[in-house]
Amino acid sequence: MSSIKHVAIYGKGGIGKSCTASNIAAACAEAGTRVLVVGCDPKSDSSITLVGKRIPTMMDLIREGREIQENDVVFTGYKGVKCIEVGGPEPGVGCAGRGIIVAIDFLRKVSRIMDQVDLVLYDVPGDIVCGGFSAPIRKGLVSEAYIITSGEYMPLYAANNICRGLKRLGTPLAGVICNSREAAGEREIVDGFAQAIGSRMVAFIPKVPIVQACERKGVTAIEGAPDAPVSQVYRDLAVQVRGESAAKVPEPVDDDKLRELSWS
């Protein structure tokens, strides 16, 4: 059995999923872990703060019909983190999730990078849990997932929907990450939600200006503000992600319970 760990990070669009994933990757790489980040979001922004620029997407290159080599799609970022952006279809045409399936199959034909790392992080959208966005799971790659949310209702609603998808697929949830939006009682709300679905809150990431300032410079907080307290939060989270977890399949709550949790 492969010792490579494949982890999917899900969350509602705009919740800070890509920022969190890139900081986890940077912290893992800093500790000597060989990391591959697979950006599955059509916005193709998972790797910007690791590489320092927007990189070509696999779907764009595939559509161009030219011969693709590994160095066309695999880019090296901070501390050697390898980065790939799947990209998405043209607006209004096709399913972004289906593109993930095509891209992963294509990647395996042109590169062995997925077999040459210790940890693969899939940055996956979770606004709509369609069959396509479960592609990394359905391809038999993902061993466990994390969900990023805040204490607000809509991110929690999306998180609960993701739990429904994970349960249907029999995929273990390793934990819930709260990326704070400074909602009233936020830590308690997210902790309560995590417990209600049979999981736990594994990190509370405070909302601090330094993270956004680093993003504007095209770097992670780990690289741009290594001594900031929030960077230590990312490092502690990275230890959990690359280590052993007590992951188990979540039990989503019903709508009444979700409202009770988020409005308490």
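Quick caveat, the model's predicted, so the values are computed rather than measured.
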Chemist: Is any side-chain heavy atom of Val7 closer than 4.5 Å to one of Tyr146?
Modeler: yes
Chemist: Test your reading of the model: is there a side-chain donor-acceptor pair from Arg34 to the backbone of Gln116, 3.5 Å cut-off?
Modeler: yes
Chemist: Please report the shortest heavy-atom distance between Ala203 and Leu237, naming the atom on each side.
Modeler: CB-CD1, 4.0 Å
Chemist: Please tell me if the side chains of Val176 and Ile197 come closer than 4.5 Å, counting only heavy atoms from C-beta onward.
Modeler: yes
Chemist: State whether Arg112 and Asp115 are salt-bridged, where the test is any N-O pair (Lys NZ or Arg NE/NH1/NH2 against Asp/Glu carboxylate O) under 4.0 Å.
Modeler: yes
Chemist: Counting only N and O atoms by type, is there a donor-acceptor contact under 3.5 Å from the side chain of Ser262 to the main-chain atoms of Leu258?
Modeler: yes
Chemist: Name the atoms and distances for all side-chain donor-acceptor pairs under 3.5 Å in residues 20-27, with sequence neighbours left out.
Modeler:
from: Thr20; atom 1: OG1; to: Gly16; atom 2: O; distance (Å): 2.8
from: Ser22; atom 1: OG; to: Ser18; atom 2: O; distance (Å): 3.1
from: Ser22; atom 1: OG; to: Cys19; atom 2: O; distance (Å): 2.9
from: Ser22; atom 1: OG; to: Thr49; atom 2: OG1; distance (Å): 3.1
from: Asn23; atom 1: OD1; to: Ala221; atom 2: N; distance (Å): 2.9
from: Asn23; atom 1: OD1; to: Ile222; atom 2: N; distance (Å): 3.2
from: Asn23; atom 1: ND2; to: Cys19; atom 2: O; distance (Å): 2.9

Chemist: Give, for atom NZ of Lys17 and atom CG of Asp123, the distance between the pair rounded to the nearest 0.5 Å.
Modeler: 3.5 Å
Chemist: I'd like to know if the side chain of Asn179 reaches the main chain of Ile15, judged simply by a donor and an acceptor atom lying under 3.5 Å from each other, with no hydrogens or angles considered.
Modeler: yes
Chemist: Inspect the surroundings of CD in Glu64 and state if more than 12 heavy atoms from other residues, nucleotides or ligands are less than 6.0 Å away.
Modeler: yes
Chemist: Quick check for you: to the nearest 0.5 Å, what is the distance between Lys167 atom NZ and Lys248 atom NZ?
Modeler: 12.5 Å
Chemist: Working to the nearest 0.5 Å, report the span between OG of Ser47 and NZ of Lys53.
Modeler: 10.0 Å
Chemist: Which value, rounded to the nearest 0.5 Å, describes the distance between Tyr153 atom OH and Leu261 atom CG?
Modeler: 11.0 Å
Chemist: Does some side-chain heavy atom of Ile113 sit less than 4.5 Å from a side-chain heavy atom of Ile84?
Modeler: yes
Chemist: Do the side chain of Glu260 and the main chain of Asp256 share a donor and acceptor less than 3.5 angstrom apart?
Modeler: no
Chemist: Quick one: does Glu186's side chain have a donor or acceptor within less than 3.5 Å of a partner on Arg181's backbone?
Modeler: yes
Chemist: Taking the side chain as C-beta and beyond, is there a heavy-atom pair between Arg63 and Asp60 under 4.5 Å?
Modeler: yes
Chemist: Is the closest side-chain heavy-atom distance between Phe193 and Ile189 below 4.5 Å?
Modeler: no
Chemist: If I take atom CG from residue Asn160 and atom CD from residue Glu251, how far apart are they, to the nearest 0.5 angstrom?
Modeler: 11.0 Å
Chemist: Take Val117 and Val35 through the test side chain to side chain contact (heavy atoms under 4.5 Å, CB included) and record every step on the way to the result.
Modeler: CA-CA 6 Å; Val117 296; Val35 186; over 6 Å; no
Chemist: For Glu223 and Lys79, run side chain to side chain contact (heavy atoms under 4.5 Å, CB included): C-alpha distance rounded to whole Å, both residues' side-chain angles, the deciding distance at 0.1 Å, then the answer.
Modeler: CA-CA 9 Å; Glu223 179 180 0; Lys79 295 292 184 180; over 6 Å; no
Chemist: If you count heavy atoms of other groups shown closer than 6.0 angstrom to CZ of Phe106, is the number above 12?
Modeler: yes
Chemist: Assess whether a salt bridge exists between Glu144 and Lys5, defined as any Lys/Arg side-chain N lying under 4.0 Å from an Asp/Glu carboxylate O.
Modeler: yes
Chemist: Can you find a heavy atom in the side chain of Leu61 that is under 4.5 Å from one in the side chain of Met58?
Modeler: no
Chemist: For the pair Ser44 and Glu85, evaluate side chain to side chain donor-acceptor pair (under 3.5 Å) and give the outcome as yes or no after the intermediate values.
Modeler: CA-CA 6 Å; Ser44 62; Glu85 292 287 354; 5.1 Å; no
Chemist: Which atom names give the shortest non-hydrogen contact between Ser231 and Pro226, and what distance separates them?
Modeler: CB-O, 3.7 Å
Chemist: How close do Ala174 and Ser199 get, counting heavy atoms only, and between which atoms?
Modeler: C-OG, 4.3 Å
Chemist: Output all residues satisfying salt bridge (charged side-chain N to carboxylate O under 4.0 Å, His left out) with Arg235, sequence neighbours left out; order by chain, then residue number.
Modeler: Glu30
Chemist: If we only count heavy atoms from C-beta on, is the Asp191 to Glu188 side-chain gap below 4.5 Å?
Modeler: no
Chemist: Which is it for Asp236 and Gln240 under the side chain to side chain donor-acceptor pair (under 3.5 Å) test, yes or no, and what are the steps along the way?
Modeler: CA-CA 7 Å; Asp236 292 343; Gln240 297 192 62; over 6 Å; no
Chemist: Determine whether Val241 and Leu121 satisfy the following criterion, side chain to side chain contact (heavy atoms under 4.5 Å, CB included), listing intermediate values before the conclusion.
Modeler: CA-CA 10 Å; Val241 170; Leu121 291 176; 4.1 Å; yes
Chemist: Do you know the tightest heavy-atom contact between Arg200 and Ala194?
Modeler: C-CB, 3.5 Å
Chemist: Mind checking whether Pro56 and Asp72 have side chains closer than 4.5 Å, heavy atoms only?
Modeler: no
